[in-house]
Novice: 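Below is one structure. I have some questions about it.
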Number of protein chains: 2
Amino acid sequence: MENLRNKILSYTPVNVADMDYIFQFYRKIRLRKGGKLIKPGDRVDCFYYLDVGCVNYYKLEQGEIKVLEFYTEDVFFTDLNAYVLDKPATYFLEATEDTIVYAIEKINVEKAFRMSHQLERFGRLSMQDAFVRTFTRIERLNNRTYEERYLRLLNKRPSLIQRVPQYLIASYLGLTPVGLSKIRKRLVKN
Amino acid sequence: MENLRNKILSYTPVNVADMDYIFQFYRKIRLRKGGKLIKPGDRVDCFYYLDVGCVNYYKLEQGEIKVLEFYTEDVFFTDLNAYVLDKPATYFLEATEDTIVYAIEKINVEKAFRMSHQLERFGRLSMQDAFVRTFTRIERLNNRTYEERYLRLLNKRPSLIQRVPQYLIASYLGLTPVGLSKIRKRLVKN
DNA sequence: CATTTTTATTAAACCAGTTTAACGACTTAA
DNA sequence: TTAAGTCGTTAAACTGGTTTAATAAAAATG
């Protein structure tokens, strides 16, 4: 759990007692490829830290898969909408490969944040960080063509293209598998 | 500043002393229509609360306006990317009508959050709230057609359509003024 | 390793948007 | 009160994607 500890400390200093306090609540979860943390209808009462692997955050709409995000090494994640608002999940959180995450229950998160000002601050700053990353995503969705989005992904997260099947990448970019295939063809020609 | 006080208290209880402490830092800003809080290149060192009016959060890209969000009554906002990362702004924050906001400097936000666990918690929860709203925006951008997006906006923020010129609405929805005009025509026919 | 299943490519027809340009209505300023 | 600018609509030609379907290639399975 050394990675998780360093991740927390990357946001703000936390004294050893407070760190130990929150760590008592974390439990390790191993997922095989295809294993799910959350599926629609589930209660979402955990916040996760992705240590090893990749988790696909997606929903099914009229049978069609809509990928919202791929969470990879060293990020916090959950189905935040459902988690925050205590609503049943509408998304899946599913491992695209063998994956290790650490989970902490919401009730214990709240306990830890109430008990420690430093942990509360960690909570605020990590949320701020999540916000900024999400916002950047909106910027891209709004302003770029599909080709530019694909090239950007290729550049920013090259390993993702290797790890994840192309039809999921297509969905993540907001187009069809056929559409992505055409873009790729266009790119090699030029 | 009663609205601002209630907004803060809607997230978490804050004792009077701590509330007074943070309130000493807020200052009122009046903007005429077209007035700007931020423009590209500016240092973004304030967090704002919109009391009355409407602020357009947009950028210019090859001379073309790209609207990311309209902030209206009773929300916190800033150019968060620039604010958090201490980078120069790339966006405008511009009043689309006469507007009143309250501003607090980043340095004083940090002071208040360090001084008070309750205020720190308010900071975390308001950030969480902002995240959820932003995330909802991504969902819409990803999954819906332009027509559905327009209908949703009409339904969710009907006043916005009245207050803001149509070419800005078009940009917010991610299409051209011509495109939006065609959609509107299609809708009245059916 | 042979079979089945899953994934990626290609082609053809189609369509919801874009771009450009012209026009009319409304607003603003001199 | 005319002139200039802004805003929304329409039309025509275009384009970058979609859909559907067939096929090929690769991966999983017994």
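Naming: A, B, ... by sequence-line order, numbering from 1 per chain.
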Novice: Between the opening five pairs and the closing five pairs of the helix from dC1(C)-dG30(D) to dA30(C)-dT1(D), how far apart are the helix axes, to 10°?
Specialist: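 Answer rounded to 10°: the end axes differ by 50°.
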Novice: Determine, for Arg124(A) against Glu110(B), whether the closest basic-nitrogen to carboxylate-oxygen distance falls under 4.0 angstrom.
Specialist: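 Yes.
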Novice: For dT9(D), does either OP1 or OP2 sit under 4.0 Å from a side-chain N or O belonging to Arg186(B)?
Specialist: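 For Arg186(B), the contact criterion (side-chain N or O under 4.0 Å from OP1 or OP2 of dT9(D)) is not met.
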Novice: Whole-Å distance between dG17(D) C1' and Lys185(A) NZ?
Specialist: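 Between C1' of dG17(D) and NZ of Lys185(A): 15 Å.
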Novice: For Arg5(B), does the CZ atom have more than 12 heavy-atom neighbours from other residues, nucleotides or ligands under 6.0 Å away?
Specialist: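 Yes, CZ of Arg5(B) has more than 12 neighbouring heavy atoms, counting only those of other groups under 6.0 Å.
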Novice: Lys106(A) pairs by salt bridge (charged side-chain N to carboxylate O under 4.0 Å, His left out) with which of Asp45(A), Asp79(A), Asp86(A)?
Specialist: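 By the salt bridge (charged side-chain N to carboxylate O under 4.0 Å, His left out) criterion, Lys106(A) pairs with just one of Asp45(A), Asp79(A), Asp86(A): Asp86(A).
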Novice: Which residues in residues 167-180 of chain B have a heavy atom closer than 4.0 Å to any atom of DNA chain C?
Specialist: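 When residues 167-180 of chain B is checked for heavy atoms under 4.0 Å from DNA chain C, the hits, listed by number, are Leu175(B), Thr176(B), Val178(B), Gly179(B).
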Novice: Using salt bridge (charged side-chain N to carboxylate O under 4.0 Å, His left out) as the criterion, point out the one residue from Lys7(A), Arg157(A), Arg163(A) that pairs with Glu73(A).
Specialist: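 Passing option: Arg163(A).
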Novice: Could you run down the sub-3.5 Å N/O contacts of the protein with nucleotides 24-30 of chain D?
Specialist:
none

Novice: Is the backbone N or O of Leu68(A) less than 3.5 Å from a side-chain atom of Arg137(A), with the two atoms forming a donor-acceptor pair by type?
Specialist: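 Yes: the side chain of Arg137(A) pairs with the backbone of Leu68(A).
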Novice: On the 0 to 90° scale, with breaks at 30° and 60°, tag the Tyr57(B)-Tyr91(B) ring pair as parallel, tilted or perpendicular.
Specialist: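 Taking Tyr91(B) first and then Tyr57(B), their aromatic rings sit tilted (interplane angle of 30° to 60°).
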Novice: Between Tyr150(A) (OH) and dG17(D) (C1'), how many Å, whole number?
Specialist: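 Whole-Å distance recorded here is 17 Å.
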Novice: My understanding is that only residues two or more places apart in sequence, or in another chain, count here; which of them pass salt bridge (Lys or Arg N to Asp or Glu O under 4.0 Å) with Arg133(B)?
Specialist: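 Counting only residues at least two positions away or on another chain, Arg133(B) forms a salt bridge (Lys or Arg N to Asp or Glu O under 4.0 Å) with Asp129(B).
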Novice: I need the minimum non-hydrogen distance between Arg114(B) and His117(A), along with the two atoms involved.
Specialist: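 Looking at all heavy atoms of both residues, the shortest contact is O-CE1, 3.2 Å.
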Novice: List in chain and number order the residues that pass ring-ring contact (aromatic ring centres under 6.0 Å, His included) with Tyr172(B), two or more places apart in sequence or in another chain; answer none if no residue qualifies.
Specialist: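 Partners of Tyr172(B) by the ring-ring contact (aromatic ring centres under 6.0 Å, His included) criterion, ordered by chain and then number, come out as Phe70(B).
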Novice: Mark yes or no for whether Thr99(B), through its side chain, and Leu31(B), through its backbone, hold a donor-acceptor pair below 3.5 Å.
Specialist: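 No; zero donor-acceptor contacts below 3.5 Å.
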Novice: Could you label the plane-to-plane angle of the Phe131(B) and Phe135(B) rings as parallel, tilted or perpendicular, counting under 30° as parallel and over 60° as perpendicular?
Specialist: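 Phe131(B) and Phe135(B): parallel rings.
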Novice: Let me know, please, whether Pro165(A) or Lys182(A) comes out on the 5' side of the other along DNA chain C by nearest nucleotide.
Specialist: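 Here Pro165(A) is the residue nearer the 5' end.
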Novice: Among Tyr48(A), Tyr26(A), Tyr102(A), Phe122(A), exactly one meets ring pair (Phe, Tyr, Trp, His ring centres under 6.0 Å) together with Phe76(A). Which residue is that?
Specialist: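 Running ring pair (Phe, Tyr, Trp, His ring centres under 6.0 Å) over Tyr48(A), Tyr26(A), Tyr102(A), Phe122(A) with Phe76(A) returns exactly one hit, Phe122(A).
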Novice: Taking heavy atoms of chain A and a 4.0 Å limit, find me the 5'-most and 3'-most nucleotide of DNA chain C within that range.
Specialist: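 Contact boundaries, 5' end first: dT7(C) to dA11(C).
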Novice: Is any side-chain heavy atom of Leu175(A) less than 4.5 Å from a side-chain heavy atom of Ile183(A)?
Specialist: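 When only atoms from C-beta onward are counted, Ile183(A) and Leu175(A) do touch, with a gap below 4.5 Å.
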Novice: Measuring to OP1 and OP2 of dT9(D), would you say a side-chain N or O of Gln166(B) lies under 4.0 angstrom away?
Specialist: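 Checking Gln166(B) against dT9(D): at least one side-chain N or O falls below 4.0 Å of OP1 or OP2.
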Novice: Are any of Arg184(B)'s side-chain N or O atoms less than 4.0 Å away from OP1 or OP2 of dT9(D)?
Specialist: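 Yes, such a contact exists.
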